[in-house]
There are 2 protein chains.
Amino acid sequence: MFSSLINKRKKRILHLVVHNYIQTARPIGSNVICKNYGLKISSATVRNILADLEKEGYLTHPYTSAGRLPTDKGYRFYVDSLEENNQLTVKEEMLLAARYKINNYELKEMLWQLSHLLSLVSHYTGFVFSVSQEKVIFKHLKLIHLSNKKILAVFITQAGLIKHKVICLRSTITIKNLKRMCNILNDEMVGFTVKEVRNKILDKIKKEKIAYKEFLELGKELNEQIFKIKEELYLEGISNILSFTNNHQRVESVFNILQERKMLSYLLEEKFDKKENVKVFIGNENSYPQMNDWSIVSAVYKTGDYPIGLLGIVGPKRMEYSRIIAEVDYISRMANKLLEQGEEE
Amino acid sequence: MFSSLINKRKKRILHLVVHNYIQTARPIGSNVICKNYGLKISSATVRNILADLEKEGYLTHPYTSAGRLPTDKGYRFYVDSLEENNQLTVKEEMLLAARYKINNYELKEMLWQLSHLLSLVSHYTGFVFSVSQEKVIFKHLKLIHLSNKKILAVFITQAGLIKHKVICLRSTITIKNLKRMCNILNDEMVGFTVKEVRNKILDKIKKEKIAYKEFLELGKELNEQIFKIKEELYLEGISNILSFTNNHQRVESVFNILQERKMLSYLLEEKFDKKENVKVFIGNENSYPQMNDWSIVSAVYKTGDYPIGLLGIVGPKRMEYSRIIAEVDYISRMANKLLEQGEEE
DNA sequence: ATTAGCACTCTCTCCGCTTGAGTGCTAATA
DNA sequence: TATTAGCACTCAAGCGGAGAGAGTGCTAAT
């Protein structure tokens with residue numbers, strides 16, 4: 001793509017400028033480039049090249065006599081030129097796996113732990129965005145009588161993940177009826193997706209096929225609280241990225257835009273083609289001005305082949321992409337494993 | 001105590017200075033005090049009084065010709081002089097209760113929601129610090145067979161709160177044995193505190209009173225994961241207080257000191273006598289230098305008469321104490337109710 | 001005891017100066 | 001033709017001094 005536009009030396013210098021800016025956070029000048037990186041060309045030549053790169057949109061400088069720093073396009077070049085060797089070594093993986101063990105089959109807890117892990121290893125802000133999981137398949141439901149009006153519903157998915165919730169009813173329900181209901185659901189729902197299960201329960205309620213009235217309330221509640229697996233966003237390590245800006249409002253606006261979830265949904269739906277795992281969103285590449293100073297390194301995680309969420313980190317645009325991409329890649333694979341692990345047993 | 005030291009007018013002026021500083025965040029001068037608050041004395045007199053108050057340690061000024069601002073001692077006076085009418089009106093309480101309903105009997109979820117609520121209403125950072133709940137009383141335990149090696153343990157306390165966790169075993173356990181074990185525990189543990197339950201289970205394991213070996217592993221896991229109710233800290237709304245400082249490090253150090261929990265334990269254990277509900281900790285009154293610019297408004301929450309945790313907010317020293325004290329008071333009472341509510345049903 | 005008056009203090013802001021890093025252009029060079 | 005040396009130019013950043021203004025502390029009068 002740009003290999004036709006800019007030659008090897010140009011690329012080298014662009015890479016250098018971005019790399020240096022990531023490390024020092026200061027604009028870099030032609031002299032420094034020559035001296036520190038042992039290029040066999042004079043600073044004047046470098047200046048010409050820098051001017052070219054600026055004309056082509058890869059670099060800017062904040063004022064006339066300042067050094068150069070990358071634009072979003074410059075970062076994009078840097079990241080794209082990186083995306084070959086972005087894997088952790090086996091040793092690093094083992095170290096990481098040993099230090100942070102995630103052993104939890106409760107979905108919520110697990111996702112939270114993943115976001116925490118992301119923040120810990122990256123030193124930026126970790127997130128896990130769990131989207132509506134319509135394709136989750138019903139395996140088993142337990143309804144446990146806690147008191148006359150309190151039921152603990154335990155839902156086990158095909159993949160072996162567990163979701164449970166205490167449901168408070170207005171009217172009392174007998175143990176007998178509860179058991180009956182539980183049996184009916186387990187008989188009829190196995191193998192269906194939660195979406196289908198929801199509809200089937202709704203049908204039952206509408207057509208009043210069920211002889212006893214308790215079904216009504218409990219059915220509704222189950223649909224609402226257990227089988228409607230909503231979007232959830234886990235954010236950890238916000239304080240990690242405070243030091244990267246001197247403008248608090250900017251940090252706040254980033255988290256606001258994240259918490260709105262619209263951007264994340266968009267990233268998840270629009271931007272992933274199947275082959276690549278980790279994807280980087282630089283600055284306001286996606287025309288969210290609030291993201292101006294920030295980048296997102298993210299990966300989808302899946303059950304089987306079906307993507308069910310997005311995880312990754314949010315950090316300053318000048319971030320150590322190479323390391324972070326490798327880490328997010330690894331953790332997303334870890335997530336995939338965790339989500340399938342249940343099936344083995 | 002100081003009524004002997006400083007007279008009514010002095011108090012009035014001290015109160016004024018603190019109040020004004022809380023609102024404006026700027027040192028206040030003698031002229032402003034006279035003009036804006038309609039005192040019938042000259043600025044010179046006010047100056048004399050201010051000088052006195054400074055000598056007595058209630059005020060300082062940052063440099064010679066600047067206005068006055070409160071010291072920790074000054075804030076302390078202000079807060080103490082406030083502590084009569086620090087209740088929400090019935091109307092406010094109702095508004096608050098209507099807007100934010102907490103209906104959840106799962107302990108963890110509930111505590112998290114409380115911390116979230118604290119942050120929402122206060123606009124500062126909310127926290128709930130749940131300490132080791134040794135006095136929690138065993139009411140019922142359910143052990144639910146999920147698969148050969150996975151058990152869902154559901155623990156219901158006397159107060160009706162629910163704690164559950166999935167336990168993964170190394171060796172398989174039969175449904176029959178699981179039931180037997182569950183029965184034994186329910187027969188023998190009702191009415192004992194979790195601390196006692198832990199010891200009893202330990203005894204059983206040691207003396208090998210139990211005929212089948214599965215008890216060993218599951219017993220240990222139950223002790224570790226269900227009956228050992230550890231300290232937990234829920235922090236919400238960190239971003240709320242970013243705007244109160246221009247030094248990120250300072251914010252970070254506050255949260256570090258909170259997350260260490262030592263200070264919170266200290267506050268909980270040492271500082272609460274029975275009669276007062278809400279307590280305010282101003283700046284580094286407790287000799288934590290990291291707290292220099294911050295105050296904590298907190299209250300214990302209890303089951304029955306036994307305090308089981310601390311909740312409250314962290315905010316800038318110049319905070320709207322009156323409002324915040326009332327809110328924390330109300331939410332702590334809400335917490336107490338939620339923790340006892342279960343018993344009613 | 002209170003107050004008017006006044007000298008004094010110290011921050012804050014503006015302004016101009018200097019420094020130095022870095023650029024862009026031009027003309028010479030390989 | 002690509003590279004380079006040379007040089008004028010630009011602009012942020014840092015420094016210091018001047019002036020304004022807010023506020024104090026002291027003294028002497030009421």
Side-chain angles (χ1 to χ4, degrees), chain A residues 4-14 16-71 74 246-247, chain B residues 4-14 16-71 74 246-247:
Chain A
S4 59
L5 283 171
I6 60 175
N7 62 28
K8 213 171 164 188
R9 194 178 59 185
K10 229 172 180 175
K11 279 187 188 176
R12 172 97 196 277
I13 287 174
L14 177 50
L16 233 58
V17 172
V18 182
H19 195 76
N20 191 286
Y21 187 75
I22 285 174
Q23 294 194 315
T24 64
R26 286 160 191 265
I28 183 176
S30 52
N31 279 309
V32 181
I33 293 178
C34 290
K35 280 174 197 160
N36 292 10
Y37 294 93
L39 292 185
K40 296 256 160 71
I41 46 177
S42 78
S43 64
T45 315
V46 174
R47 273 203 291 287
N48 290 330
I49 295 171
L50 290 178
D52 282 3
L53 284 168
E54 182 160 354
K55 229 172 282 163
E56 290 161 28
Y58 294 102
L59 301 176
T60 27
H61 53 248
Y63 51 91
T64 328
S65 68
R68 296 312 207 293
L69 59 92
T71 60
N246 43 19
N247 185 335
Chain B
S4 59
L5 283 170
I6 60 175
N7 60 28
K8 214 171 165 190
R9 193 177 61 184
K10 230 172 178 174
K11 279 187 188 177
R12 173 97 196 277
I13 287 174
L14 177 49
L16 232 60
V17 173
V18 182
H19 195 76
N20 191 286
Y21 187 74
I22 284 174
Q23 295 194 316
T24 66
R26 287 161 191 265
I28 182 173
S30 50
N31 279 310
V32 181
I33 293 178
C34 292
K35 279 174 197 160
N36 291 11
Y37 293 95
L39 293 185
K40 297 258 159 70
I41 46 176
S42 78
S43 66
T45 314
V46 173
R47 272 202 292 288
N48 288 331
I49 295 171
L50 290 178
D52 282 2
L53 284 169
E54 182 160 354
K55 230 171 281 163
E56 290 161 29
Y58 293 102
L59 300 176
T60 26
H61 54 247
Y63 51 90
T64 330
S65 68
R68 297 311 206 294
L69 59 92
T71 60
N246 44 18
N247 185 336

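Residue numbering restarts at 1 for every chain, and letters A, B, ... go by the order of the sequence lines.
- Side chains of A:I41 and A:R9 form a contact here, defined as non-hydrogen atoms less than 4.5 Å apart.
- What separates CD1 of A:I13 from P of D:dT3 is a distance of 10 Å, to the nearest Å.
- Here the nucleotide nearest the side chain of B:R47, chosen from C:dC6, C:dC10, C:dT23, is C:dC6.
- The NZ atom of B:K40 sits 17 Å away from the C1' atom of C:dT3 (whole-angstrom rounding).
- Distance, A:H61 NE2 to D:dC9 C1': 13 Å, rounded to whole Å.
- Remark: C1' of D:dG25 and CD1 of B:I49 are 15 Å apart, rounded to the nearest angstrom.
- When the C1' atom of D:dG25 is taken as reference, atom OH of B:Y63 falls 16 Å away, rounded to whole Å.
- Contact annotation: A:R9 reaches the phosphate of D:dT3 (side-chain N/O to OP1 or OP2, under 4.0 Å).
- Across all strands shown, C:dT3 is found opposite D:dA28 as a Watson-Crick or G-U wobble partner, with both distances under 3.5 Å.
- With D:dA5, D:dA12, C:dT3 as the choices, the nucleotide that has an atom nearest any side-chain atom of A:A44 turns out to be D:dA5.
- Between D:dT24, D:dT4, C:dT3, one nucleotide has an atom nearer to the side chain of A:I41 than all others, and that is D:dT4.
- Contacts of A:S30 with the nucleic acid, taken as non-hydrogen atoms under 4.0 Å apart, involve only primed sugar atoms and P, OP1 or OP2.
- You'll find that the side chain of A:T45 is closest to D:dT4, out of C:dT23, D:dT4, C:dC10.
- Across all strands shown, the partner of C:dT13 is D:dA18, judged by Watson-Crick or G-U wobble contacts whose two distances both fall under 3.5 Å.
- For A:L50, whose side chain is taken as the heavy atoms from C-beta onward, the closest listed nucleotide among C:dA4, C:dT23, C:dG24 is C:dT23.
- In this model, the phosphate group of D:dT10 is not approached by any side-chain N or O of A:T64 to a distance below 4.0 Å at OP1 or OP2.
- A sub-4.0 Å separation between OP1 or OP2 of D:dT24 and a side-chain N or O of B:R68 is present.
- In the interface, the side chain of A:S65 is paired with the base of D:dT10 through a donor and an acceptor atom under 3.5 Å apart.
- A:R26 places its CZ atom 10 Å from the P atom of D:dA13, with the value rounded to the nearest Å.
- Looking at heavy-atom distances under 4.0 Å, B:N48 makes contact with a base.
- When rounded to the nearest whole Å, the span between CG of A:L69 and P of C:dA21 equals 19 Å.
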